[in-house]
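Along the sequence shown, residues are numbered consecutively beginning with 1.
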Amino acid sequence: MKISDFQTKDVINIVDGKKLGQVSDLELDLRQGRIDAIVIPQYTRFLGVFGSGGTEVVIPWRNIVKIGADVVLVRMDESNKKLEDEDLHARS
């Protein structure tokens, strides 16, 4: 699968059924030659115009449940989101 194919798929959280967006980037582990996480941009809405809110959701590869023809199903609950926020701040 090519990254361009991956970027056309919607990412859906199976915990609450919400669409999280589409894959914008991947985090790679070059030493091990594998994908560590997918990155989904989050946009804020201001006066009806979408802006680049500057935040991203980083979903670890282990949280991907299924990659289908049209969607990527992931499992992200509140505890996952808190851990990801802490991990993101640690990397900064």
Between Asp25 (side chain) and Val39 (backbone), is there a donor-acceptor pair under 3.5 Å? no
Between atom CD1 of Ile40 and atom CD of Glu56, what is the distance when rounded to the nearest 0.5 Å? 10.0 Å
Going only through I, L, V, M, F, W and Y residues with side-chain contacts under 4.5 Å, is there a path from Ile12 to Val72? no
Would you check if Leu20 and Ile59 make a side-chain contact, meaning some heavy-atom pair closer than 4.5 Å? yes
Looking at side-chain heavy atoms only, is the closest gap between Ile14 and Val74 below 4.5 Å? no
Are there over 12 heavy-atom neighbours, none belonging to Asp70, within less than 6.0 Å of that residue's CG? no
Step-by-step side-chain contact (heavy atoms from CB on, under 4.5 Å) determination, Asp10 to Gln22: CA-CA 5 Å; Asp10 290 327; Gln22 292 183 328; 3.2 Å; yes
Less than 4.0 Å between a side-chain N and a carboxylate O, is that true for Asp77 and Arg75? no
State yes or no: do Val11 and Leu28 share one hydrophobic cluster built from I, L, V, M, F, W and Y residues joined by side-chain heavy-atom distances below 4.5 Å, directly or via other members? yes
Linking I/L/V/M/F/W/Y whenever any side-chain heavy atoms sit under 4.5 Å apart, do Ile64 and Leu73 land together? no
Heavy-atom donor-acceptor pair, Gln7 side chain to Ser24 backbone, under 3.5 Å: yes
Using atom types as modelled and distance alone, determine if a side-chain donor or acceptor of Lys9 lies under 3.5 Å from a backbone N or O of Val23. no
Consider only side-chain heavy atoms of I, L, V, M, F, W and Y, link residues closer than 4.5 Å, and tell whether Val15 and Val58 are in one cluster. no
Spatial distance of atom CG (Asn13) from atom CE (Met76) [nearest 0.5 Å]: 7.0 Å
